[in-house]
Structure formats: structure tokens, C-alpha cells
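Heads up: the structure comes next, in C-alpha cells.
Each ligand, and each atom within it, is numbered from 1 in the order the structure gives. One-based numbering along the sequence shown.
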Amino acid sequence: MPLHIETPLIESRPMSAVAQRTVNLKLDALQPCGSFKLRGVGHACEVHHGRGARRFISSSGGNAGLAVAYAGRLLGTAVTVVVPETTTDRARELLRLEGAQVIVHGGSWQEANELAHTLIASGDAFIHPFDDSLLWTGHASMIDEVARTTGKPGAVVLSVGGGGLLCGVIEGLQRNGWGDVPVIAVETEGAASFRAATLAQAPVEIEAITSIATSLGAKRVCSQSVAYLDNHRIESVVVSDKDALDACERFLTDHRLLVEPACGAALSLGYSPTLLNGYDNVLMVVCGGATATLEQIRTWRQAQ
Ligand SMILES: *Cc1c(COP(=O)(O)O)cnc(C)c1O
């Protein structure tokens with residue numbers, strides 16, 4: 001039994017009306033810990049659990065850490081999450097609610113991640129937030145569910161942070177015989193590490209993350225996401241923080257679900273009359289995210 005749930009797949013009438021084509025939503029915001037991350041993280045944790053892991057270690061104060069904490073609780077495995085001081089009280093609270101040991105260390109993710117690595121003892125499994133083939137195989141289950149329900153989409157729209165979701169969705173498309181379905185990879189300005197990689201034809205590090213969409217804030221994408229450029233059609237789209245935030249508000253009104261700006265970035269294409277031109281029957285991955293509150297989204301929006 002996987003740790004994630006099978007999520008609903010529904011048409012968004014409001015998006016279909018604006019974009020003037022069918023837009024279907026894969027509602028992974030409804031995973032128990034609030035994002036698609038549970039698919040891959042849950043799979044990786046189950047595999048490590050089967051190999052006898054006694055503890056899971058994560059250095060993510062975001063949705064990946066939450067998924068590890070959730071998976072550990074369900075599997076009865078101890079979880080330690082090292083987060084930087086910048087991690088919000090809300091995120092720390094959510095991690096503690098899942099029963100994880102939370103260690104606060106350092107001013108940035110790099111420092112937290114370094115400490116997390118020094119803690120790895122024998123019997124511990126480190127769960128990476130995006131660069132691990134176990135994770136991609138777990139994420140791919142999302143496309144298996146689509147194959148069992150609506151059938152082949154004309155294109156898939158998703159957000160890109162470190163590229164784990166992108167790799168998982170492409171693995172899922174290819175293993176279902178849908179290798180010709182294009183993927184539209186959306187990032188925000190200030191977190192566009194996949195765009196940088198497409199221009200350089202290699203994973204390169206961007207200087208700084210300046211977007212408010214922190215869940216997209218990987219300075220460098222995983223190599224596999226760049227390798228897929230050679231054998232899968234991937235279009236890179238970059239939107240503004242404002243576009244992502246507007247989409248969050250609109251989506252809350254339309255579908256009564258609060259998602260992070262990281263997810264709003266992808267959703268903003270469904271609220272554009274032109275950005276989906278050339279594609280029909282679009283599958284929108286509603287990746288979710290549990291770390292933003294409505295107040296926070298409104299405060300960011302006012303600052304735009
Ligand atoms: C992690 C995450 C992403 C990006 O996923 P990657 O696998 O890092 O590309 C997008 N949206 C949300 C809500 C996330 O938690």
C-alpha cells in the first residue's frame with residue numbers, strides 16, 4: 001500500500017473558459033501532507049524502510065520535509081529534519097505535528113543541509129527533496145492514475161523547482177507509452193534554474209533565489225531533468241511572482257483550495273488566454289504546498 005492517496009482529476013471550467021481549451025486538474029494539493037511530494041518521498045521512505053532504515057533525515061523545511069515526517073510517522077520510523085533559522089513558525093509547527101525531531105541550524109538551507117549530512121549514521125537514510133530516482137518513480141504514479149481515468153492529455157503543465165516533479169512526470173508519461181506528450185515546465189523569475197539549464201544545455205547554478213516561491217528555490221536543477229531535454233519535448237516558461245500570486249487567489253475562489261505560489265506559477269498558465277496556445281486537452285498538475293497562509297499570500301501580493 002503506497003503512503004500517498006489517489007487524487008481527483010476534474011476539469012476546471014473557469015480555466016477552460018479563460019484559456020479556451022479543456023484544462024483538467026490533477027489535484028495533488030489534496031495529498032494528506034498537502035503536496036505531490038508524498039508520492040516520491042513516500043516511495044523512497046518505503047524502500048529504505050524495507051531495507052531496514054532506522055531513521056530518515058531531511059534538510060527541507062518545506063513540503064519535502066513534511067512528506068518525510070508524514071511517511072516516518074506512518075512507517076513508525078524516527079525522523080530528523082534540520083531546517084535553517086529562516087523557516088517559518090508555521091512550517092516548524094507542521095513538522096512537529098507529524099512527530100518529527102526538528103533541529104534549527106544556520107542562516108540558509110546550505111548550512112542546515114551540511115549539518116544534516118554530518119548527522120547521518122549507519123542505519124539512517126537521507127531523503128533528498130528532488131534528486132533521487134526513487135523519488136521520480138514515486139512521482140510517476142500521478143500519470144498512471146491519469147492513464148486509468150481520462151486517458152492521454154495533449155500537454156502537461158507543471159512547476160519546476162529542482163526538477164524532481166518534472167522527472168517523475170516524464171517517467172510516468174514514457175512508461176505509459178505517452179512519450180510524445182509535451183511538458184510545459186513553469187518557474188518564477190528569480191527561481192528560473194531550469195530555464196538557465198536549458199540555455200546552457202547543462203545544469204548550472206543561478207546566482208540567487210529572489211522569488212517568493214521558495215518551494216521552487218533550487219539554485220541548480222538535477223541532471224536528469226536536463227538530460228530529458230534530449231529525448232522529450234519540454235517547453236520552459238517563466239512567469240512573474242505577481243502572476244503566481246494572482247493565480248493562487250483566483251484558484252482559491254474558483255476551486256476553494258489554497259496552494260503555494262510555487263503551484264500558482266503553473267496555474268497561472270490556465271488563467272492566460274494565450275500561454276496555452278498550440279495545446280489542447282491540457283493536464284494541469286496542482287502540486288499544492290502547505291507552507292503558505294492566505295495572509296502571507298495577500299501580504300506578498302500587496303508588495304508587488
Ligand atoms: C517541491 C515543490 C515544487 C517543485 O518540485 P521539484 O521536484 O523540486 O521540481 C513545486 N511545488 C511545490 C508545492 C513543491 O512542494
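- Two residues are said to be in side-chain contact when any heavy atoms from C-beta on lie closer than 4.5 Å; Leu25 and Val285 fail this criterion.
- Leu166 has its side chain within reach of Leu158: a pair of non-hydrogen atoms, C-beta onward, lies under 4.5 Å apart.
- The shortest heavy-atom distance from Cys287 to ligand 1 is under 4.0 Å.
- Residues Gln174 and Tyr228 have side chains that never bring a donor and an acceptor to within less than 3.5 angstrom of each other.
- Atoms of ligand 1 found under 4.0 Å from any heavy atom of Val160 (numbered from 1 in listed order, with element): 9 (O).
- For atom 8 (O) of ligand 1, the closest heavy atom belonging to the protein is Gly162 N, 2.8 Å.
- With a 4.5 Å cut-off on side-chain heavy atoms, Asp124 and Leu119 do not count as touching.
- Using a 4.0 Å cut-off to heavy atoms of Gly164, the atoms of ligand 1 that qualify are 6 (P), 7 (O), 9 (O).
- In this structure, Leu216 counts as a contact residue of ligand 1, since one of its heavy atoms falls inside 4.0 Å of the ligand.
- Between the side chains of Ser159 and Glu187, not a single donor N or O lies within less than 3.5 Å of an accepting N or O.
- For Asn113 and Ser59, the side-chain atoms include at least one donor-acceptor pair closer than 3.5 Å.
- Every heavy atom of Gly62 sits 4.0 Å or more from the atoms of ligand 1.
- Polar contact check, Gly163 against ligand 1: a nitrogen or oxygen pair lies under 3.5 Å apart.
- Using a 30° and 60° split on the angle between ring planes, His128 and Phe130 fall in the perpendicular class, above 60°.
- Among protein heavy atoms, the minimum distance from atom 5 (O) of ligand 1 is reached at Phe36 CZ, 3.5 Å.
- With a 4.0 Å cut-off on non-hydrogen atoms, His139 does not touch ligand 1 at all.
- Those atoms of ligand 1 that come under 4.0 Å of a heavy atom in Gly289, given as number and element, are 13 (C).
- Every N/O-N/O distance between Cys263 and ligand 1 stays at or above 3.5 Å.
- Here the heavy atom of the protein found nearest to atom 4 (C) of ligand 1 is Gly161 N, 3.5 Å.
- Between Lys152 and Asp180 there is a side-chain heavy-atom pair separated by less than 4.5 Å.
- Listed by number with element, the atoms of ligand 1 under 4.0 angstrom from any heavy atom of Gly288 are 13 (C).
- Side-chain polar atoms of Thr7 and Arg39 form a donor-acceptor pair below 3.5 angstrom.
- Between Asn63 and ligand 1, an N or O atom pair is found at a separation short of 3.5 Å.
- Using a 4.5 Å cut-off on side-chain heavy atoms (C-beta onward), Leu9 and Leu27 make no contact.
- Protein heavy atom nearest atom 1 (C) of ligand 1, with residue, atom name and distance: Lys37 NZ, 1.3 Å.
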